[in-house]
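First listed ligand is number 1; within each ligand, the first listed atom is number 1. Only heavy atoms go into these numbers, but all of them, side chains included; no hydrogens, no water, no symmetry mates.
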Amino acid sequence: MPELRQAELDSGRAWARAQDERDPLRALRARFALPRGADGRELIYLCGHSLGPAPIDARAMIEAEIADWERLGVLGHEQARLPWIGYAEQLQPPLAELCGAERQEVVAMNSLSGNLHLLLASFYRPTGERRALLIEAGAFSSDRHVVAAQIAWHGLDPATELIELAPRPGEDWLRADDIERQIATLGPRLALVLWPGVQYRSGQAFDLGRIVRAAHAAGARAGFDLAHAIGNVPLALHDHDADFAAWCSYKYLNGGPGAVGGAFVHRRHFADAAIPRLAGWWGHDPGTRFEMRPEFDPAAGAAGWAISNPPIFSTAPLRASLPLFIEAGMPALRRKSVALTTYLESLIRQLAADELAVITPADPAQRGCQLSLRIRAGAHRGRAVFDALRRDGVVCDWREPDVIRLAPAPLYNGFEDVLSAASRLSEIVHA
Ligand SMILES: Cc1ncc(COP(=O)(O)O)c(C=O)c1O
């Protein structure tokens, strides 16, 4: 049993602490409320891929809006400290930075699945023989429901028009060449590629530029689900010429449960009147919105895809969280993220390779901060290991059928968290 001896673990801990001490981003941890167990001890929070912890300032942001609501009622739309009418627009600059987009190309609105529906209504336009929609096999359930529903909405059959690309037999993730080949093979049949930035179960990060180039070369459009990518890996949606993207904000963006999501639409689509949209008044030009005319005159940019006035209380926490990304800078966060995840992977290999397989790609360019683990003894034992890990104070999650996901996030995790999680995992699998 390849267990790290106590002396090695102690020196490992000294090393991890030294790394944390010299980490230029270490002060950011104190800007988050990290959950504690029943015994009052801080839990090891490695679950930002599911729900990011609360930024300390989130409470003040929400309370400020409640205070303005109490003080002003309806007048808050114009007179709140940050008038509610223009509230969502305040998030455009940091979101644009995180997406690698122009400010006008992003909008904070709705939730992820709803935004995917809205964007597919505009960008999945099956015509003639060009009707197929390509996704990855094993896509997140909601994404699959969305695309199947969209295909059916057009009176088409998902059994023939929804193409799902699986990894090769015995492999856990997709090869970029295979994605390109599949796109080229579909060629004139292909209307749209909808792809994740980072796959939710395996943690694989994709080269979005390559996917866009292949889709465009085939005459199709390319859109992305960035649920697990935004705030996790660097993005360059504008330069990569992506057609559209959507995300949720409760994972790495730490916007809180059900936080307002977001969308990207590339500038080159702004003036295309042939693209239909499921319009609502919040997507109308704000200059004339309140004239309440029957004709729809879209706002410039991605904001023209908005439908409803923004949910202020589920937008407010992002005003606490997004500035932290800007303060730290995505390049520095990414550097730390790569170091933390590399460390986690090396510890797992050292401590528990006999029991655990890492199914996330080893190449840092092909993953974000998440590592997905499979217990070699099978799903039943895997579930028991996961339950024990949670009981032991490591907050991570389980994805059916057999995957444990752990994600050290550079905003609030450190090397000692990683060491503690890995050594607890090793104790559990070897107990
Ligand atoms: C990849 C992916 N797609 C879709 C969703 C659904 O998000 P929402 O409930 O915000 O629509 C999630 C949520 O975790 C997700 O991870």
Using atom types as modelled and distance alone, determine if a side-chain donor or acceptor of Asp68 lies under 3.5 Å from a backbone N or O of Arg81.
yes
The single option from Arg424, Arg29, Arg26 that satisfies salt bridge (charged side-chain N to carboxylate O under 4.0 Å, His left out) with Asp417 is Arg29
Any side-chain donor-acceptor pair under 3.5 Å between Asp243 and His216?
yes
May I ask you to check if ligand 1 and Asp225 share an N or O to N or O distance below 3.5 Å?
yes
What protein heavy atom is closest to atom 16 (O) of ligand 1, reported as residue, atom name and distance in Å?
His228 NE2, 3.0 Å
Between Gln199 and His228, do the side chains contain a donor N or O and an acceptor N or O under 3.5 Å apart?
no
Hey, which atoms in ligand 1 end up nearer than 4.0 Å to a heavy atom of Ser111?
10 (O)
Which of Phe140, Phe206, Phe224 passes ring pair (Phe, Tyr, Trp, His ring centres under 6.0 Å) with Trp195? Answer is Phe206
Do me a favour and list the nearest non-hydrogen protein atom to atom 14 (O) of ligand 1 with residue, atom name and distance?
Lys251 NZ, 2.8 Å
Given Asp397, which partner from the list Arg405, Arg390, Lys251 fulfils the salt bridge (charged side-chain N to carboxylate O under 4.0 Å, His left out) test?
Arg405
How far is atom 11 (O) of ligand 1 from the closest protein heavy atom, and which atom is that?
Ser113 OG, 2.6 Å
Answer yes or no: does an N/O atom from Asp143 fall short of 3.5 Å to an N/O atom of ligand 1?
yes
Among protein heavy atoms, which lies nearest atom 2 (C) of ligand 1, and at what distance?
Phe140 CG, 3.4 Å
With atoms numbered from 1 as shown, which atoms in ligand 1 lie under 4.0 angstrom from a non-hydrogen atom of Tyr250?
6 (C), 7 (O), 8 (P), 9 (O), 10 (O), 13 (C), 14 (O)
